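See structure below.
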Amino acid sequence: MYDSPIRELLITGKKTYTQVTTDIVNPILNPPTKGWLFGFGLASIALALGLYCMTYTLFVGIGSWGLNKTVGWAFDITNFVFWVGIGHAGTLISAILLLFRQKWRTGVNRAAEAMTIFAVICAALFPGLHMGRPWLAYWIFPLPNYHGPLWINFNSPLAWDVFAISTYFSVSLLFWYSGLIPDFGTVRDRAKTKLVKNIYNGLSFGWVGSAKNWVRFEALSLILAGVSTPLVLSVHTIVSMDFATSVIPGWHTTIFPPYFVAGAIFSGFGMVLTLMTVVRSVMKLQDYITIGHIEAMCKVVVATGMMVGLAYGTEFFIAFYSGSDYEMYTFFNRAFGPYGWSYWIMVSCNVISPQLFWFKKIRQNMVLVFIISIFVNIGMWFERFVIIVTSLHRDLVPSSWFMYTPTFIEFGIFIGTLGVFFTAFFLFCKFFPVIAIAEVKSVMRSSSDTYRTDHIKESQLEEAFNPAKGYGTVGGAATAYKSPEEPQP
Amino acid sequence: MAEYPLKKHIVGIYDDDEKLMHACEHIRHMGIKIKDVFTPFPIHGLEEVLGIKPSRLPDVAFVFGLTGTVTALSLMTYCYTFDWPVNVGGKPGFPLPSFIPIIFELTVLFCAFGMVFTYLFVNNLAPHVQPEIVDPRQTDDRFVVVIEATEDAEADQKIHNALKESGTCEPPREQYLRAHWYNVP
């Protein structure tokens, strides 16, 4: 296979296979660092606040939230869509980039998939709590019940959502775990104590890594990637249909599915950037999550950010073009009404701030990337808030116009889900291989500075000095590698 | 699980994936049967060198996926069209378009679960399994070739020589293994 000598390296620092193992396994086997304990403690506090507010909601009821008869759902659904959206980057990196044979995915896919799973857990908490009686949550499934042979409404996008989110969660979990199995095997064989060895052997399911195991492993990853790719697109499409199939002005829009999917990828990559810029420096993984990885993700953020911007513009144009008074008013109110500030926060964070990623200097500056990624997170949270609250709070009858203000309990639950997310992520960083060890090793032959150089030299010389092909040298690169003792053709 | 007898094996260890590929070719060319190869990561092309057939997991995925499709469609048709048809504004009792999202989701769900559990089953992967590790470095940076020893000392010597010639990074060793893994053809 021809490797371009100018292609960026994905693994730097002259790593050998065993160095990759030690770099990733040692933090798991060593005691936690002070920074980890501090971060984990902080996340646990947020989690505790969330648990308090969730328990309060369960005892007092939804009345403890700021909802009213006009704004019937607000913070809960905003946070639900926010978290589901964040989940999308993980599956995009692991599935879609696998199908496109993007080798840079190997450095970040494990952490991004973990992020997906934790984000979907956070998302699922909100509809659960909004049910008011979460102990009856099983009613959302089509079960024969004692009220007579009634079934759930299969025509409703909310019922589709139940299937979509639960499928998405389980398939992502299977995908993530099947990739983790070989790496747990690696951790097991490095473990120093019997207890740790047994725990990781259990987690690795007794993996040995025989040739047949790997053939099946590759087949499994490919097919799982194949089915996850349409799945990830379907999930946010269905989430958008929760809104789009209603007849509320501002929601009743055919562009919602692609608009939401682009937004989900955008917000997901925003969150991946936030986490990865921190993880790579704190855990000293700069050789695996290189500047090149960060830049690639920044480029995805620019592209999807502009898609989102296009959708904002299209919505306004269609509202004007429809000639419908209600539609036009909703959009006028969205930008210039009492919640106009949230609209402009959204536009500046989502459309304007990612444009800075056009500049290479900014993409390569980790502090700026981190700050912009935080803006993306904020912007995408506000996007959902804007879509939901501004479309609802002034409905068709002016006498029922109401403002919505979230209560302390609602803020607490949101901070609590941040706590759930980061607690889980900190545990993952400490006890799980953060980088897919086997997958990184499998691309080292083509993409690392230890193994690739000889490979390139050989293949290019072969090409350059092959008289059968009828050409002498291919480009400057081949001549550059020509060693003096090499016989001239 | 049935007890497998301990058998003598000859183990060759390599430190490079490309060396391993050439070695496997060399050993098979000598007419020696390779019992199994253990590597820390998937090596493309190794399955061809060893003569392993492509995995049939994609077929499994298709069958399970189809099961999901049929389950979803028949469940919803039973509920909506036969068991309790609800007349909402005269809409049809068999609304196929609005069944499609759930049909799709269940297809993916069944496909993924069926395939992963088949994968675990055929690879003998489960939390309680105590695997037989030939060399602990096989999950790190060493590539292990295992050949079953014969009764015949001369033939064993031939295997030793073949392994040495093929570039093992340390002298081939004899090891008693309760090997019950699948034979590579």
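Letters A, B, ... mirror the listed sequences (proteins, then strands); counts begin at 1. These numbers were taken from a predicted model, which means no experiment stands behind them.
- With rounding to the nearest 0.5 angstrom, the NZ atom of A/Lys441 is 7.0 Å from the OG1 atom of B/Thr139.
- With a 4.5 Å cut-off on side-chain heavy atoms, B/Arg137 and A/Thr18 do not count as touching.
- Annotation: B/Arg173, atom CZ; neighbour count of heavy atoms from other residues, nucleotides and ligands within 6.0 Å is above 12.
- With a 4.5 Å cut-off on side-chain heavy atoms, B/Asp141 and A/Thr16 do not count as touching.
- Interface check for chain B: of the options A/Glu439, A/Arg188, A/Arg190, the most heavy-atom pairs under 4.5 Å are formed by A/Arg190.
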Could you please spell out the steps behind the side-chain contact (heavy atoms from CB on, under 4.5 Å) verdict for A/Ser210 and B/Val37?
-> CA-CA 5 Å; A/Ser210 80; B/Val37 176; over 6 Å; no
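- With sequence neighbours left out, B/Phe41 forms a ring pair (Phe, Tyr, Trp, His ring centres under 6.0 Å) with A/Tyr17, B/Phe143.
- Below 30°, between 30° and 60°, or above 60°: for B/Phe99 and A/Phe154 the angle between ring planes is above 60°, a perpendicular geometry.
- The distance from the CZ atom of A/Arg216 to the CZ atom of B/Arg56 is 8.5 Å, given to the nearest 0.5 Å.
- In terms of heavy-atom pairs under 4.5 angstrom with chain B, the leader among A/Val215, A/Asn155, A/Val227, A/Leu203 is A/Asn155.
- With a 4.5 angstrom heavy-atom cutoff, A/Pro182 does not touch chain B via any of its atoms.
- Residues B/Asn124 and A/Val208 have side chains not in contact (no heavy-atom distance under 4.5 Å, counting atoms from C-beta outward).
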Output, in order, the C-alpha distance, side-chain angles, deciding distance and verdict of side-chain contact (heavy atoms from CB on, under 4.5 Å) for A/Trp214 and B/Ile43.
-> CA-CA 8 Å; A/Trp214 284 120; B/Ile43 298 169; over 6 Å; no
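- Side-chain atoms of B/Pro131 and A/Trp207, non-hydrogen and from C-beta on, never get closer than 4.5 Å to each other.
- The distance from atom CZ of A/Phe169 to atom CG of B/Leu109, rounded to the nearest 0.5 Å, is 12.0 Å.
- More than 12 heavy atoms of other residues, nucleotides or ligands shown are found within 6.0 angstrom of NE2 on B/His26.
- More than 12 heavy atoms of other residues, nucleotides or ligands lie within 6.0 Å of CZ in B/Phe94, so this atom counts as buried by the packing criterion.
- For the atom pair B/Glu47 CD and A/Lys212 NZ, the distance stands at 12.0 Å (nearest 0.5 Å).
- The contact between B/Ala126 and chain A is made entirely by backbone atoms, counting heavy-atom distances below 4.5 Å.
- Among A/Ser178, A/Ala219, A/Ala164, the residue making the largest number of heavy-atom pairs under 4.5 Å with chain B is A/Ala164.
- Residue contact with chain A, scored on non-hydrogen atoms closer than 4.5 Å, is absent for B/Phe62.
- Counting heavy atoms from C-beta outward, B/Asp140 and A/Asp189 have side chains that stay 4.5 Å or more apart.
- Residues B/Ser98 and A/Trp160 form a side-chain contact, since some pair of their non-hydrogen atoms from C-beta on lies under 4.5 Å apart.
- Of the atoms belonging to A/Asp183, not a single heavy atom falls under 4.5 Å from chain B.
- Closest non-hydrogen pair, A/Ser442 versus B/Pro42, comes out as CB-O, 3.9 Å.
- Partners of A/Phe163 under the ring pair (Phe, Tyr, Trp, His ring centres under 6.0 Å) rule, at least two apart in sequence or in another chain, do not exist in this structure.
- Contact check for B/Glu105 versus A/Ile238: side-chain heavy atoms found under the 4.5 Å cut-off.
- When each of A/Val171, A/Val235, A/Asn201 is scored by its heavy-atom pairs under 4.5 Å with chain B, the top score falls to A/Asn201.
- Looking at heavy atoms from C-beta onward, B/Leu57 lies out of side-chain contact with A/Ile223 at the 4.5 angstrom threshold.
- A/Pro230 touches chain B through backbone and side chain together, each having a heavy atom under 4.5 Å away.
- Among B/Ser55, B/Pro101, B/Ala112, the residue making the largest number of heavy-atom pairs under 4.5 Å with chain A is B/Pro101.
- Side-chain atoms of A/Asn213 and B/Tyr119 include no donor-acceptor pair closer than 3.5 Å.
- Proximity to chain B (any heavy atom under 4.5 Å) is restricted, for A/Ile152, to the backbone atoms N, CA, C and O.
- Between B/Leu50 and A/Ala211, the closest heavy-atom pair is CD1-CB, 3.6 Å.
- Within the 4.5 angstrom heavy-atom criterion, no atom of A/Ser156 approaches chain B.
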